[in-house]
Amino acid sequence: MNHELLIATTNPGKLKEIAGILAGAPVTLLTLNDCPPVAKPEENGATFADNARLKARYYAEATGFISVADDSGLEIAALDNAPGVHSARWRGFDYPMKFRKIQELFRERGVTGSAARFVCHIAVARLNSIVFEAEGTIEGEIVAEPRGTNGFGYDPIFLYPPFGRTLAELDHAEKSTVSHRGKAFAALRTYLLTNPALAER
Ligand code: IMP
């Protein structure tokens, strides 16, 4: 029998991506839409790991389900790893505006581009205990002109050098094979396949 695992997200795009990566793992995925409404926790951690852990514990305690939470973001080397854990709200919600701000900060620092990486930390909690964690990263470069229409967030300015394309020029499946989130959830899939008891309540 499959055990239930709550993916602590209401974002259908993210769920689709995660469901694809976890396909074949011995779990039935639930989302926050399958639970009574729960207020969002404040994501005030200093690191991706802190935020993933606090969200996983919060939702596990609120719902009683084993809960998986992730926290991710972009670290730009030339900007001292900004925007980091602030990626979603950094310099407004509008991505074209964020992209222009990045270029402006590059000019101020006398650089034309920068190495960058996406990081995704996932944590799985059973009530208050963290029972599994994994972190995935993807290394790339920031380009001046956004390219591509797939994906979301900073994807159009993140060049993945081995493919010579930005993440917004990859389709979902291709992105998952190399992305920070893809790698972190692939580690969870492997763990679930070898430790099916993880999802036992
Ligand atoms: P979250 O923690 O997964 O919600 O991600 C926080 C923010 O990081 C997002 O709102 C985006 O700005 C950025 N981000 C995380 N993952 C990606 C990605 O795969 N592509 C582009 N931007 C991302």
Side-chain angles (χ1 to χ4, degrees), residues 6-22 31-32 40-59 67-77 79 81-102 105 114-125 133-143 145-163 165-188:
L6 174 69
I7 306 293
T9 182
T10 48
N11 179 333
K14 218 178 196 186
L15 181 73
K16 202 172 157 206
E17 199 175 316
I18 293 168
I21 302 163
L22 291 182
T31 73
L32 290 172
K40 282 189 175 178
E42 202 186 329
E43 296 182 32
N44 53 9
T47 63
F48 298 114
D50 287 347
N51 281 334
R53 288 181 196 130
L54 81 81
K55 284 188 275 188
R57 284 202 182 97
Y58 174 87
Y59 286 111
S67 300
V68 186
D70 72 327
D71 198 57
S72 56
L74 176 67
E75 294 184 338
I76 302 176
L79 303 184
N81 288 340
V85 290
H86 308 293
S87 292
R89 287 185 197 89
W90 189 78
R91 316 282 169 156
F93 289 90
D94 177 86
Y95 281 91
M97 199 192 288
K98 291 180 203 285
F99 300 165
R100 285 195 296 276
K101 191 69 203 174
I102 289 169
L105 293 173
S114 172
R117 60 180 199 151
F118 280 112
V119 181
C120 174
H121 195 99
I122 63 175
V124 183
E133 287 184 82
E135 192 161 287
T137 60
I138 175 171
E139 306 283 336
E141 286 162 25
I142 300 299
V143 293
E145 289 301 323
R147 274 162 39 189
T149 52
N150 297 330
F152 69 101
Y154 298 89
D155 281 345
I157 58 161
F158 188 92
L159 177 78
Y160 183 56
F163 290 176
R165 284 179 283 163
T166 68
L167 292 188
E169 294 177 305
L170 307 186
D171 65 32
H172 264 309
E174 224 176 354
K175 181 179 168 188
S176 285
T177 61
V178 293
S179 77
H180 48 315
R181 195 169 301 102
K183 289 173 189 163
F185 277 92
L188 174 60

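The figures here come from the full heavy-atom set of this structure, side chains too, leaving out hydrogens, waters and symmetry mates. Note that ligands are numbered from 1 as they come in the structure, with each ligand's atoms numbered from 1 the same way. All values derive from a computational prediction rather than experimental measurement.
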Run through ligand 1 for me and note each protein residue having a heavy atom under 4.0 Å from it, chain first, then residue number.
Lys14, Asp71, Ser72, Gly73, Ser87, Ala88, Tyr95, Phe118, Phe152, Gly153, Tyr154, Asp155, Lys175, His180, Arg181
Interatomic spacing from [atom1] in [X] to [atom2] in [Y] - rounded to 0.5 Å:
X	Y	atom1	atom2	value
Phe185	Cys120	CZ	SG	5.5 Å
Ser179	Ile21	OG	CD1	6.0 Å
Leu79	Ile142	CG	CD1	8.5 Å

Glu43/Arg89 ion pair, N-O < 4.0 Å
no
Would you please indicate if the ring centroids of Phe48 and His121 are separated by under 6.0 Å?
no
Least distance between heavy atoms, Glu75 atom then Gly84 atom
CG-CA, 4.4 Å
